[in-house]
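This report concerns only the one structure given below.
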Amino acid sequence: DAGVIQSPRHEVTEMGQEVTLRCKPISGHDYLFWYRQTMMRGLELLIYFNNNVPIDDSGMPEDRFSAKMPNASFSTLKIQPSEPRDSAVYFCASSLPRQGARSKNIQYFGAGTRLSVL
Amino acid sequence: AQSVTQPDIHITVSEGASLELRCNYSYGATPYLFWYVQSPGQGLQLLLKYFSGDTLVQGIKGFEAEFKRSQSSFNLRKPSVHWSDAAEYFCAVGASSNYKLTFGKGTLLTVNP
């Protein structure tokens, strides 16, 4: 299995520009999670999906952030407009299909996208 | 709400020495507990997990962790550290009710030759 695939690995942009981060979950996984990692706040859950439907977006910092999952094999996290404080590493993770509630919490992470907003 | 505390931000050990990384959690019910490792520039890799049963769990790369309910702890151990173990280690707690993972701030491990 190829694992969770994120693109791009690095993104440098200027303040005010739109940024789109992409994620391909592990085939067959029905949960997808977006995290943000910063030195100050550590790993924060932004939003997660089940069967392509957003379940909890309470971690999304503000309206500038949006996430979609148009199908089971693709998700995007968009920031518009971007600001320097959005600079962070953004991780996508996916988890195993339903085999009991416990299995849902085994999350597999992508390599992340390092975003720098100048 | 669940929370995780990793008291040690940075630990340095010599190669071959034993290692213990501390993790304390807060959660109202039986927690699901995890340790992940992150090498520089990489994503998080699952080392081990605890759901129920035997409180001493074995993981990959020779790591083990012990769940102690009375102390709300899930410390990670390794009897002999290798230079390749240098990385950042994250403890996490999950709940069956919402499928979220809450992570600690991480412990950076440096291994001296």
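Since the structure is predicted, the reported quantities are computational estimates derived from the model, not experimental observations. Convention: sequence-line order gives letters A, B, ...; per-chain numbering from 1.
- Around NZ of B:Lys78, the count of heavy atoms belonging to other residues, nucleotides or ligands within 6.0 Å exceeds 12.
- Across all their heavy atoms, A:Tyr35 and B:Leu101 have their closest contact at OH-CB, 3.7 Å.
- Across B:Phe51 and A:Ile106, no two heavy atoms sit closer than the pair CZ-CG1, 3.9 Å.
- For A:Glu44, no part lies under 4.5 angstrom from a heavy atom of chain B.
- In plain terms, the two heavy atoms of A:Gln37 and B:Phe90 that are nearest each other are NE2-CZ, 3.3 Å.
- Crowding of A:Asn71 atom CG: a count of heavy atoms from other residues, nucleotides or ligands under 6.0 Å exceeding 12.
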Just distance, no hydrogens or angles: give the donor-acceptor pairs under 3.5 Å from side chains in residues 60-68 of chain B, sequence neighbours left out.
residue: B:Lys61; atom: NZ; partner: B:Gln45; partner atom: OE1; Å: 3.3
residue: B:Glu64; atom: OE1; partner: B:Gln58; partner atom: NE2; Å: 3.2
residue: B:Glu64; atom: OE2; partner: B:Arg77; partner atom: NE; Å: 3.4
residue: B:Glu64; atom: OE2; partner: B:Arg77; partner atom: NH2; Å: 3.3
residue: B:Glu66; atom: OE1; partner: B:Arg77; partner atom: NH1; Å: 3.2
residue: B:Glu66; atom: OE1; partner: B:Arg77; partner atom: NH2; Å: 3.4

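- The hydrophobic cluster containing B:Val37 also contains B:Tyr50, counting ILVMFWY residues as joined when their side-chain heavy atoms lie under 4.5 angstrom apart, directly or transitively.
- A:Arg114 places no side-chain N or O within 3.5 Å of a backbone atom of B:Gly41 that could act as its donor or acceptor partner.
- When hydrophobic clusters are built by joining Ile, Leu, Val, Met, Phe, Trp and Tyr residues whose side-chain heavy atoms come closer than 4.5 Å, directly or via intermediates, A:Leu32 is not grouped with A:Val4.
- The two atoms that bring A:Arg41 and B:Lys105 nearest to each other are O-CE, 3.5 Å, heavy atoms only.
- Contact detail for B:Tyr36 and A:Gln107: the closest heavy-atom pair is OH-O, 2.7 Å.
- To the nearest 0.5 angstrom, A:Leu43 atom CG is 8.5 Å from B:Glu88 atom CD.
- B:Leu46 is connected to A:Tyr48 through a chain of hydrophobic side-chain contacts under 4.5 Å among Ile, Leu, Val, Met, Phe, Trp and Tyr, so both are in one cluster.
- Both the backbone and the side chain of B:Lys100 come within contact range of chain A, judged by heavy atoms closer than 4.5 Å.
- Using a 4.5 Å cut-off between heavy atoms, A:Thr113 makes no contact with chain B at all.
- There is a path of hydrophobic side-chain contacts, each under 4.5 Å, that joins A:Leu115 to A:Ile47.
- Residues of residues 13-21 of chain A having a heavy atom under 4.5 Å from any heavy atom of chain B: none.
- Both B:Leu76 and B:Val111 sit in one connected hydrophobic cluster of ILVMFWY residues. Membership requires side-chain heavy atoms under 4.5 Å apart, directly or through other members.
- The candidate from A:Ala111, A:Gly42, A:Gly112 with the greatest count of non-hydrogen atom pairs under 4.5 Å with chain B is A:Ala111.
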